[in-house]
Participant: 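Right, I'll just put the structure down here and ask away after.
Note that the numbering runs from 1 along the sequence shown for the chain.
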Amino acid sequence: MRVHLTTTAQDLGALSAELVRRISGLRVLGVATGSSPAPLWTALAADTGGLAPRAVFALDEYVGLPPGHPAGYRAVVDATVTIPLGLDPARVHVPDGNAPDLELAAAEFETAIGRAGGVDLQVLGIGRNGHIGFNEPGSSVDSRTRVVELADQTRHDNARFFSSVDTVPTLAVTQGIATIMSARRILLIARGESKADAVERLLSGGTDPSFPASILHEHDEVTVLLDASAARRTANLAHNVPSRRFASAGETEPHPSARS
């Protein structure tokens with residue numbers, strides 16, 4: 001696990017975009033929504049560097065939101081990734097939160113990832129309770145794309161995108177932990193003071209089912225990008241955990257994900 005520390009959202013966006021552009025043969029891209037990865041998509045929109053994935057898969061989607069709802073992840077992915085990056089909408093896949101048979105739709109989404117050849121790079125955020133995608137605490141490490149119940153904390157954290165917490169859906173379709181871990185490379189981005197506790201816990205120890213993001217320690221190709229606010233509790237970790245590599249935004253050593 002490599003950890004890059006940046007100062008501002010602009011720096012975070014520039015560095016994350018540089019890391020993505022360095023990956024040779026990036027054919028299948030996994031995208032995340034939320035505020036943390038937003039600077040990456042902004043930076044890539046300004047300079048894609050020839051990025052042209054043949055398929056894009058989103059991590060998750062709420063269940064039951066009307067089509068076109070601005071908080072729905074189909075709309076968010078369209079607005080922040082598909083349109084700004086000039087991607088073919090037919091190649092951008094988001095789980096269907098309104099399918100008549102949600103479990104069948106989830107299984108078909110999982111199959112589609114496999115048929116595309118698997119994800120070359122999966123971009124992630126991290127929830128305050130450690131969720132990745134919508135894999136809440138206690139999620140099985142063997143889980144695949146499925147319907148899940150959202151934790152109360154997740155619904156409260158996401159209420160800012162809705163009129164009230166009462167209108168936040170209680171269910172979602174999410175890629176599973178095993179699905180995420182099947183990606184060849186993972187780029188986790190955390191931004192803002194609200195993520196500092198989760199970042200500290202992620203970087204402090206091994207795997208813990210009560211903190212889903214901790215499973216990333218079991219993956220061989222993980223890079224974590226932090227802004228100053230999210231990284232405010234990492235100073236001691238850089239010295240106390242020698243197995244992890246901490247780097248400043250200005251460091252130019254090749255990123256391991258650049259290896260083909």
Participant: Assign the ring pair F162 / Y62 to parallel, tilted or perpendicular, where the plane angle (0 to 90°) is split at 30° and 60°.
Facilitator: perpendicular
Participant: Applying the 4.5 Å side-chain criterion to the ILVMFWY set and letting contacts propagate, would V92 and L40 be lumped into a single cluster?
Facilitator: yes
Participant: If you measure from the Lys or Arg side-chain nitrogens to the Asp or Glu carboxylate oxygens, is any gap between D120 and R184 under 4.0 Å?
Facilitator: yes
Participant: So, for L202 and H217, which heavy atoms are closest and what is the spacing to 0.1 Å?
Facilitator: O-NE2, 2.6 Å
Participant: Taking the side chain as every heavy atom from C-beta outward, state whether T145 and V173 have any atom pair closer than 4.5 Å.
Facilitator: yes
Participant: Check for a donor-acceptor pair, side chain of R155 on one end and backbone N or O of V165 on the other, with a separation under 3.5 Å.
Facilitator: yes
Participant: Using a cut-off of 6.0 Å, state whether more than 12 heavy atoms not belonging to Q10 lie near its atom CD.
Facilitator: no
Participant: I would like to know whether L44 and R21 meet side-chain contact (heavy atoms from CB on, under 4.5 Å); could you show each step before the answer?
Facilitator: CA-CA 9 Å; L44 283 176; R21 289 191 291 261; 3.9 Å; yes
Participant: Below 4.5 Å, heavy atoms only, C-beta onward: do V63 and T170 meet side chain to side chain?
Facilitator: no
Participant: Does a sphere of radius 6.0 Å around CZ in R27 hold more than 12 heavy atoms from other residues, nucleotides or ligands, not counting ones at 6.0 Å or beyond?
Facilitator: no
Participant: Nearest 0.5 Å please: distance from the CZ atom of R22 over to the CG atom of L121.
Facilitator: 13.5 Å
Participant: With a 4.0 Å cut-off on N to O distance, would you call R185 and D220 a salt bridge?
Facilitator: no
Participant: Do F134 and Q175 have side chains that get closer than 4.5 Å, going by heavy atoms?
Facilitator: no
Participant: Treat each ILVMFWY residue as a node, draw an edge where side-chain heavy atoms are under 4.5 Å apart, and state whether I83 and V81 are in one component.
Facilitator: no
Participant: So, taking the atom named CD1 in I113 and the one named OG1 in T179, what distance separates them when rounded to the nearest 0.5 Å?
Facilitator: 6.0 Å
Participant: Which heavy atom in V94 sits nearest to a heavy atom in A58, and how many Å separate them?
Facilitator: CG2-CB, 3.9 Å
Participant: Answer whether the closest heavy-atom distance between the side chains of V119 and L29 falls below 4.5 Å.
Facilitator: no
Participant: Is the CZ atom of R115 crowded by more than 12 outside heavy atoms at less than 6.0 Å?
Facilitator: no
Participant: Do other residues, nucleotides or ligands put more than 12 heavy atoms under 6.0 Å from the CD atom of E103?
Facilitator: yes
Participant: Find the distance between CG (N135) and CG (D60) and round it off to the nearest 0.5 Å.
Facilitator: 8.5 Å
Participant: For a 4.5 angstrom cut-off between non-hydrogen side-chain atoms, does I177 reach S140?
Facilitator: no
Participant: Heavy atoms, side chains only, cut-off 4.5 Å: are T7 and D227 in contact?
Facilitator: no
Participant: Could you give the distance from OG1 (T234) to CD (E200), rounded to the nearest 0.5 Å?
Facilitator: 9.0 Å
Participant: Between G192 and S229, what is the shortest heavy-atom contact and its length?
Facilitator: C-CB, 3.6 Å
Participant: How far apart are the C-alpha atoms of H131 and T154, what are their side-chain angles, what is the distance that settles it, and do they pass the side-chain contact (heavy atoms from CB on, under 4.5 Å) test?
Facilitator: CA-CA 9 Å; H131 72 237; T154 298; 3.2 Å; yes
Participant: Between E136 and N129, does any side-chain donor sit less than 3.5 Å from a side-chain acceptor?
Facilitator: yes
Participant: Could you verify whether a donor N or O on one side chain and an acceptor N or O on the other, from R74 and T33, lie under 3.5 Å apart?
Facilitator: no
Participant: Which heavy atom of P53 sits nearest a heavy atom of L87, and at what distance?
Facilitator: CD-CD2, 4.0 Å
Participant: V168 and V147: same hydrophobic cluster, using ILVMFWY side-chain contacts below 4.5 Å?
Facilitator: no
Participant: Looking at every non-hydrogen atom in both residues, tell me the closest pair between G125 and I132 and how far apart they are.
Facilitator: O-CG2, 3.8 Å
Participant: Just verifying a value: how many Å separate T174 OG1 and Y73 OH, rounded to the nearest 0.5 Å?
Facilitator: 9.5 Å
Participant: May I ask you to say whether R128 pairs ionically with D157, meaning some side-chain N is under 4.0 Å from a carboxylate O?
Facilitator: yes
Participant: Hydrophobic clusters here meaning ILVMFWY residues chained together by side-chain heavy-atom distances under 4.5 Å, can you tell me if V28 and L85 are in one?
Facilitator: no
Participant: Walk me through whether T8 and T6 qualify under side-chain contact (heavy atoms from CB on, under 4.5 Å).
Facilitator: CA-CA 6 Å; T8 67; T6 66; over 6 Å; no
Participant: Hey, could you give me the NE2/CD distance between H93 and E61, rounded to the nearest 0.5 Å?
Facilitator: 15.0 Å
Participant: Honestly curious: do F109 and V56 fall in one hydrophobic cluster under the side-chain, below-4.5 Å linking rule?
Facilitator: no
Participant: Taking all heavy atoms of I126 and all of A190, pick out the closest pair and write down the distance.
Facilitator: CG2-CB, 4.0 Å
Participant: Name the residue from Q122, H219, R144 that meets the side chain to side chain contact (heavy atoms under 4.5 Å, CB included) definition with S182.
Facilitator: R144
Participant: Does F161 have its ring centroid less than 6.0 Å away from the ring centroid of H69?
Facilitator: no
Participant: Testing L216, T223, I186 one by one against M1 for a side chain to side chain contact (heavy atoms under 4.5 Å, CB included), which residue passes?
Facilitator: L216
Participant: For S139 and S143, does a side-chain donor sit closer than 3.5 Å to a side-chain acceptor?
Facilitator: no
Participant: Got E149 and P169 here, is their nearest side-chain heavy-atom distance under 4.5 Å?
Facilitator: no
Participant: What's the verdict on side-chain contact (heavy atoms from CB on, under 4.5 Å) for L225 and L188, showing C-alpha distance, side-chain angles and the deciding distance?
Facilitator: CA-CA 6 Å; L225 265 64; L188 185 146; over 6 Å; no
Participant: Quick one: does E193's side chain get under 4.5 Å of K195's, heavy atoms only?
Facilitator: no
